[in-house]
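Letters go in sequence order (proteins before strands), and every chain restarts at 1. Note that the coordinates shown come from a computational prediction; the quantities given were computed from them, not determined experimentally.
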There are 2 protein chains.
Amino acid sequence: MIKKEKSITELNASISRVDEICRSNNLGFTDIRRQVFEIIIKNNKPIKAYEILDEIRNITNKPSHPPTVYRAIDFLIENGFVHKLNSINSFVGCFHPKTHEECYFLICKKCNLYQECCDDSLKDRISKTAVHNKFVISNTTLEIEGHCLDCSQK
Amino acid sequence: MIKKEKSITELNASISRVDEICRSNNLGFTDIRRQVFEIIIKNNKPIKAYEILDEIRNITNKPSHPPTVYRAIDFLIENGFVHKLNSINSFVGCFHPKTHEECYFLICKKCNLYQECCDDSLKDRISKTAVHNKFVISNTTLEIEGHCLDCSQK
DNA sequence: TAATATATGTTATGTTATAACATTGCAAAT
DNA sequence: ATTTGCAATGTTATAACATAACATATATTA
Ligand SMILES: [Zn+2]
Ligand SMILES: [Zn+2]
Ligand SMILES: [Zn+2]
Ligand SMILES: [Zn+2]
């Protein structure tokens with residue numbers, strides 16, 4: 001059920017969409033930010049900050065440092081283009097930025113593939129829990145780890 | 001809605017319950033493990049590993065090292081006595097160990113108080129999402145950050 | 001041009017967590 | 001009673017993750 005691969009078409013669409021959003025919101029989609037976004041979104045699996053850093057170094061053949069990557073990640077997260085998976089200190093691209101506030105995740109421990117699962121009923125249920133506790137949500141981390149269909153059959 | 005304080009009675013009950021569970025399951029509730037558990041549960045708020053380490057050093061007046069604390073935490077988490085909050089790299093005591101598999105959390109960003117919110121409807125909704133995606137859950141991180149009633153009124 | 005703001009480069013360090021190996025203490029087997 | 005095995009802890013070192021602080025560059029705009 002978790003898709004094995006995102007197609008080139010999907011990847012390009014994602015990049016274009018972010019490009020478009022940045023243009024129309026006057027956000028500087030600079031070279032570094034674009035590079036980091038592409039590395040994340042093309043990776044297909046959650047990727048770690050220092051892995052991104054390694055790729056940047058390979059691509060540019062210049063010295064790069066952690067703050068460069070973390071700043072780009074911060075920008076991408078702030079604007080909803082990328083999510084952080086707190087349970088595994090890794091980052092994933094968002095395939096539907098700006099369409100909702102929160103994204104929830106299924107993460108396969110075996111093959112590392114993940115899927116955003118943002119159904120409204122889940123969102124509603126979380127809202128209700130908050131309301132019931134008179135709690136005002138600012139952000140939600142929902143990360144479901146386990147095994148995808150393929151991996152649980154093996 | 002988030003309770004300000006756990007009473008001494010509640011704390012003692014928690015410690016006794018863990019003691020009991022360990023005894024009846026032949027788990028070694030050693031001095032260090034007990035100390036770490038007490039520090040966590042008495043703290044009332046999420047506590048960080050190195051804060052625990054500091055407390056241990058204060059209590060014992062002996063050199064202590066990170067692995068000591070992390071090993072104790074691992075033991076406590078494995079047995080459901082303590083939870084890790086991945087979104088803030090902190091640890092909290094569980095006030096109803098062994099009564100269910102997963103615990104979900106409301107965490108106030110302002111006053112740092114937290115609450116376990118393990119209602120079945122939320123659990124069911126997460127299960128359904130997993131089933132719908134043919135996904136077998138091994139563990140779930142659900143951490144809702146925001147403001148509690150008191151803090152959102154200020 | 002000068003002033004301002006935004007982004008990036010660079011060095012250093014802070015924070016969180018674990019690997020690897022030595023030592024201790026206790027209990028079962030010989 | 002000694003040896004063996006095992007679980008827990010001690011200790012050193014380092015890995016992995018993240019940010020502070022300040023310098024430099026680049027682009028807008030007053
Ligand atoms: Zn998303
Ligand atoms: Zn899988
Ligand atoms: Zn719990
Ligand atoms: Zn609060």
Among the nucleotides D/dC17, C/dT11, C/dT8, whichever has the atom closest to the side chain of A/H65 is C/dT11
N/O (side chain, B/N89) to phosphate O (OP1/OP2, C/dT15) under 4.0 Å: no
On DNA chain C, nearest-nucleotide positions of A/F75 versus A/S64: which is more 5'? A/F75
Does A/K48 put a side-chain nitrogen or oxygen below 4.0 Å from OP1 or OP2 of D/dC17? yes
NA contact type, A/K84, heavy-atom cut-off 4.0 Å: base, sugar-phosphate, or nothing? sugar-phosphate
Using a strict 4.0 Å threshold on nitrogen-to-oxygen distance, state whether A/K110 and A/D150 make a salt bridge. no
Using a cut-off of 4.0 Å on non-hydrogen atoms, how would the nucleic acid contact of A/R71 be classed: base, sugar-phosphate, or nothing? base
So, are B/D124 and B/K128 salt-bridged, with charged N and O less than 4.0 Å apart? no
Report yes or no: is there a donor-acceptor pair, N or O only, under 3.5 Å between the side chain of A/Y70 and the base of D/dA20? no
Are the side chain of A/K48 and the backbone of A/I88 linked by a donor-acceptor contact shorter than 3.5 Å? yes
Side chain of A/T68: nearest nucleotide among D/dT19, C/dG9, D/dC17? C/dG9
What is the separation between atom CG on A/L27 and atom P on C/dA5, rounded to the nearest whole Å? 18 Å
Parallel, tilted or perpendicular: which one describes the rings of A/F37 and A/F81, with boundaries at 30° and 60°? perpendicular
Any donor-acceptor pair under 3.5 Å between the side chain of A/Y50 and the base of D/dA18? yes
